Amino acid sequence: MEAAATDRSIPTQTDNAPYPHIFEPLDLGHTTLKNRIVMGSMHTGLEDRFYNYGKLAAYFAERAKGGVAMMITGGISPNREGWLLPAGGTMNTKADVINHQRVTRAVHKHDSKIVMQILHSGRYGYHPFVVSASPVKSPISPFKPRQMSVKNIKQTVEDYARSATLAKQAGYDGVEIMGSEGYLLNQFLSAHVNQRTDEYGGDIHARMKFPLDVVRAVRKAVGEDFIIVFRLSMIDLVPNGNVMDEVITVAKALEEAGVSIINSGIGWHEARVPTIVTSVPRAAFVDFTAKIKAEVNIPVMAANRINMPETAEQVLAHGQADLIQMARPFLADPDWVNKAKTGDTNRINTCIACNQACLDHTFENKRSTCLVNPQACYETELVYKKAKKPKKVAVVGGGVAGMSAATVAASRGHKVTLFEAKDILGGQFNYAKVIPGKEEFFETIRYYTNELEHQGVTVKLNTPVTKELLNDGKFDHVIIATGVVPRSLEGKLPGADMPNVISYADLLNGTATVGEKVAVIGAGGIGFDVSEYLTARHGQPLHELGEATLKDPTYRPEPQPLDEWREEWGVTLDTDYQTDGGLERPEKLTTVRQVYLMQRTKGRLGAGLNKTSGWVHRAHIKSHGVMQMAGVQYEKVTAEGIWVTNPQGQSQLLRVDSIVVCAGQESVNDLMPNVGDAPDAEYHLIGGAKLAAELDAKRAIRDGAEVAAQI
């Protein structure tokens with residue numbers, strides 16, 4: 001056992017350059033993890049139906065091949081009451097074992113370990129059988145829970161033990177008991193929900209009785225040679241949440257009860273503090289994990305907004321955690337670990353924490369995937385097979401749709417030329433990347449730029465394409481990915497041609513500036529982005545940076561300082577916090593400039609924003625003093641500002657220095673053949689050039705990949 005004790009210290013330097021601490025093995029006593037990287041639990045939607053387990057096995061196998069030491073499945077319920085959704089994934093019969101064996105066998109072929117997460121949703125379930133510590137309705141489920149009786153609690157303890165036993169029979173290396181994020185065990189642990197007066201309610205020692213009974217029962221059922229991970233909420237971020245002393249008390253009790261690893265949970269799903277969206281600074285909560293690591297003698301795992309090797313290595317090297325859990329980064333790139341080991345960091349397809357194809361899909365009851373990697377969870381359907389006969393392919397347009405198509409086509413063996421009219425790749429992503437809080441978008445452009453080179457794509461910048469050029473090129477296939485242009489209001493709004501009216505594109509590429517008072521026309525995603533850009537406290541004005549800086553592939557803007565971000569959102573700076581749930585009063589912000597965000601339709605602004613991140617954007621513009629105006633009609637622009645008609649039918653002048661137009665886009669697809677033309681090449685239309693709806697990088701990248709996979 002001396003080796004295990006040594007491994008509890010900061011990993012020793014090895015020759016696993018350039019990230020020695022990541023690739024230090026971790027001895028758990030009865031088994032060893034080959035490195036310090038764990039793929040965290042994500043609900044993909046494949047877990048819930050037995051006929052999808054072949055796809056689920058392929059999904060996990062791909063990540064096992066990519067070098068990860070251990071993976072944790074999406075939440076599997078121990079009983080019907082614990083379902084997230086009606087008829088959700090369970091592990092409570094022998095039939096379940098057979099299905100899960102397909103997953104474990106696929107993973108073990110590639111020298112990786114896999115543990116099954118046992119998740120009881122409690123009051124978060126979307127079905128009428130929901131139960132909880134107390135009958136307190138959740139704000140994210142329409143069903144009020146029934147308070148669990150003592151008999152119900154004891155039966156549920158047995159259900160956990162049975163589920164873990166079956167998981168072991170199915171070949172899993174362990175289980176993770178979900179005790180954070182506001183699910184059932186967290187509901188018992190915290191006074192936010194637990195209002196009981198019996199043996200399971202009261203102080204922390206009573207509130208933790210049920211979770212500890214679960215752990216003890218599971219350990220007794222599975223024996224000592226089985227990994228038990230407990231995901232513990234390090235900071236609840238809800239009113240009446242636990243304080244750090246209580247978290248430490250629970251952590252020590254979990255160690256004594258037989259837990260192998262403590263994993264970090266951050267915040268409840270209902271918390272009004274963002275914990276994983278792209279604007280959250282990297283590794284924003286690891287200091288709370290470090291506090292727990294200092295109090296226990298079993299490995300502790302850090303989580304949340306760790307997406308690149310440099311960050312993971314730093315956390316480990318500083319002794320803040322023993323393991324790094326990343327979930328969404330393995331959707332983005334299943335080969336993350338292998339690329340880190342060989343030093344190919346620039347080829348990692350970085351998770352940008354957008355949530356648009358993973359969590360948003362989960363909450364819409366769709367199969368999860370990834371905006372930057374459409375193969376995620378579609379490994380058996382979107383397959384990049386080597387071409388039997390290489391073709392000559394032209395891709396017109398260097399936005400994300402075009403880059404996606406070009407890299408996939410080239411990876412299959414086709415000879416690809418990518419044409420871009422401008423002197424920079426990235427298309428509309430170049431506007432998104434400069435929004436404060438969206439610095440991760442630089443990484444996607446970096447990834448594709450390097451991948452184009454790696455796959456041997458010929459890239460021709462500053463090359464406007466004509467039909468004659470394409471005809472002369474003798475291409476077999478032409479993929480039109482020319483994207484969109486901002487919709488102009490000239491001819492539609494009197495005065496729209498005045499110099500105080502600019503497009504969002506000119507603002508976000510640094511060629512135009514605005515004054516201290518600004519009206520933003522259009523409250524879709526771009527309107528919100530522009531409003532955040534104009535009111536954020538961090539970030540340098542683009543016109544001061546200059547074009548050369550913004551086009552430098554090595555440039556990265558400084559993200560918001562962590563302390564400033566915490567003060568803005570009301571998260572304690574004290575790792576030994578004694579405020580309920582780690583919440584503080586948010587700092588009152590000084591308005592940077594006066595911004596009016598307007599839309600013609602009535603109702604809440606940002607209604608079409610993504611489910612899991614839209615509330616963050618709405619909260620930002622509210623806290624930063626943006627005036628929101630719905631149901632207005634635009635009359636005319638003058639030198640004094642913009643005249644509008646308010647919902648009451650009254651005409652008023654907004655005295656602003658600048659008007660930024662975010663009124664949608666129009667497709668650019670004039671290179672597509674007309675009816676009656678008979679071009680030699682086969683033409684394909686993708687991305688914004690195909691459909692200029694609200695900008696949709698998820699659709700654009702998938703369009704490019706699907707077309708390139710078929711030619």
Side-chain angles (χ1 to χ4, degrees), residues 38-49 52 55-56 58-60 62-63 66 68 71-76 84-85 88-89 117 119 121 124 126 140 176 178 180-183 231 265-267 269 271 274-280 282 303-308 325-336 348-382 400 404 429 432 437-438 440-441 443-444 447 525 609-617 696-702 705:
V38 174
M39 176 176 136
S41 174
M42 291 174 284
H43 197 80
T44 66
L46 296 172
E47 305 90 347
D48 295 329
R49 300 293 177 262
N52 282 329
K55 297 173 183 176
L56 190 65
Y59 160 77
F60 280 116
E62 197 67 23
R63 277 103 196 131
V68 66
M71 294 176 284
I72 306 172
T73 71
I76 303 296
L84 272 172
L85 300 169
Q117 185 186 78
L119 182 149
S121 63
Y124 278 177
Y126 277 72
I140 63 175
E176 176 176 76
M178 180 47 135
S180 67
E181 265 68 24
Y183 291 109
R231 189 158 178 176
I266 305 295
H269 285 317
T275 58
I276 57 173
V277 301
T278 190
S279 57
V280 177
R282 290 185 183 180
N304 285 55
R305 287 293 288 123
I306 301 172
N307 63 351
M308 288 296 276
Q325 174 189 273
M326 298 183 299
R328 296 169 300 166
F330 286 106
L331 286 177
D333 197 330
D335 293 317
W336 192 101
I348 290 177
N349 194 0
T350 305
C351 168
I352 60 174
C354 67
N355 294 343
Q356 291 179 30
C358 50
L359 285 175
D360 283 341
H361 279 212
T362 297
F363 283 102
E364 294 167 5
N365 297 332
K366 298 178 181 176
R367 190 195 313 186
S368 290
T369 183
C370 178
L371 180 144
V372 299
N373 176 25
Q375 272 192 310
C377 300
Y378 287 83
E379 285 77 14
T380 62
E381 295 151 274
L382 183 55
V400 291
S404 171
F429 248 54
K438 287 192 173 181
E440 297 287 10
F441 285 54
E443 303 292 356
T444 300
Y447 163 74
L609 297 176
N610 298 100
K611 187 176 182 68
T612 58
S613 57
W615 69 270
V616 180
H617 299 299
D696 189 350
K698 176 179 67 176
R699 176 174 55 82
I701 292 173
R702 178 167 286 275

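None of these values were measured; they are calculated from a predicted model. One-based numbering along the sequence shown.
Residues Met42 and Leu331 have side chains in contact (heavy-atom distance under 4.5 Å, counting atoms from C-beta outward). Side-chain contact check for Thr350 versus Asp333: every heavy-atom pair is 4.5 Å or farther apart. You'll find the side chain of His361 stays beyond 4.5 Å of the side chain of Gln356, heavy atoms only. Using a 4.5 Å heavy-atom threshold, the side chains of Thr369 and Thr44 count as separate. Residues Leu46 and Cys377 meet the side-chain proximity criterion, which asks for heavy atoms closer than 4.5 Å. For the pair Ser279/Val616, a side-chain contact is recorded, criterion being any heavy-atom separation below 4.5 Å from C-beta on. The shortest distance between side-chain heavy atoms of Trp615 and Pro274 falls below 4.5 Å. Under the 4.5 Å side-chain criterion, counting only non-hydrogen atoms from C-beta, Glu379 is in contact with Arg63.
Taking the side-chain contact (heavy atoms from CB on, under 4.5 Å) definition, one finds that Ser404 meets it with Tyr448, Ile701, Ala705, sequence neighbours left out. In this structure Glu364 satisfies the salt bridge (Lys or Arg N to Asp or Glu O under 4.0 Å) test together with Lys366, sequence neighbours excluded. Contacts of Thr275 classified as side chain to side chain donor-acceptor pair (under 3.5 Å), with partners at least two apart in sequence or in another chain: none. Qualifying side chain to side chain donor-acceptor pair (under 3.5 Å) partners for Asn355, counting only residues two or more places apart in sequence or in other chains: Arg328. Legend: residues meeting side chain to side chain donor-acceptor pair (under 3.5 Å) with Tyr124, ordered by chain and number and at least two apart, are Glu270. Residues passing the salt bridge (Lys or Arg N to Asp or Glu O under 4.0 Å) test with Lys698: none are found, sequence neighbours excluded. Not counting sequence neighbours, the partners of Arg49 by the side-chain contact (heavy atoms from CB on, under 4.5 Å) test are Tyr51, Asn52, Ala87. Thr362 meets the side-chain contact (heavy atoms from CB on, under 4.5 Å) test with His43, Ser368; sequence neighbours excluded. Every residue two or more places apart in sequence or in another chain that forms a side chain to side chain donor-acceptor pair (under 3.5 Å) with Glu440 is listed here: Arg282, Arg305, Asn307. By the ring-ring contact (aromatic ring centres under 6.0 Å, His included) test, Phe429 pairs with Phe441, sequence neighbours left out. Remark: Gln375 engages Asn373, Leu382, Tyr384 in a side-chain contact (heavy atoms from CB on, under 4.5 Å) (not counting sequence neighbours).
If you take CD on Glu443 and CD1 on Ile352, they are separated by 10.0 Å, rounding to the nearest 0.5 Å. For the atom pair CG (Asn365) and OH (Tyr126), the distance works out to 8.5 Å, reported to the nearest 0.5 Å. The CZ atom of Phe60 lies 12.0 Å from the CZ atom of Phe330; values are rounded to the nearest 0.5 Å. With rounding to the nearest 0.5 angstrom, the CD1 atom of Ile348 is 9.5 Å from the CG atom of Asp335. For the atom pair Tyr59 OH and Arg367 CZ, the distance stands at 12.0 Å (nearest 0.5 Å). The SG atom of Cys358 sits 9.0 Å away from atom CG of Leu371, with the distance rounded to the nearest 0.5 Å.
Pairing each heavy atom of Ser41 with each of Glu176, the nearest pair is CB-OE1, 4.3 Å.
In terms of modelled atom types and a separation under 3.5 Å, the side chain of Thr73 and the main chain of Gln117 share a donor-acceptor contact. Side chain of Thr278 to backbone of Ala353: no donor-acceptor contact under 3.5 angstrom is found. Within the 3.5 Å criterion, the main-chain N or O of Thr612 finds a donor-acceptor partner in the side chain of Asp360. Without hydrogens or angle criteria, Asp48 side chain to Leu85 main chain gives no donor-acceptor distance under 3.5 Å.
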_Assess the residue pair Asn610 and Phe363 against the criterion (side chain to side chain contact (heavy atoms under 4.5 Å, CB included)); give the C-alpha distance rounded to whole Å, side-chain angles, the decisive distance to 0.1 Å, and a yes or no._
CA-CA 10 Å; Asn610 298 100; Phe363 283 102; over 6 Å; no

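Both tests pass for Arg702 against the ring of Tyr378: distance under 6.0 Å to the centre and angle within 45° of the axis.
Using a 4.0 Å cut-off between a side-chain N of Lys or Arg and a carboxylate O of Asp or Glu, Lys55 and Glu47 do not qualify as a salt bridge.
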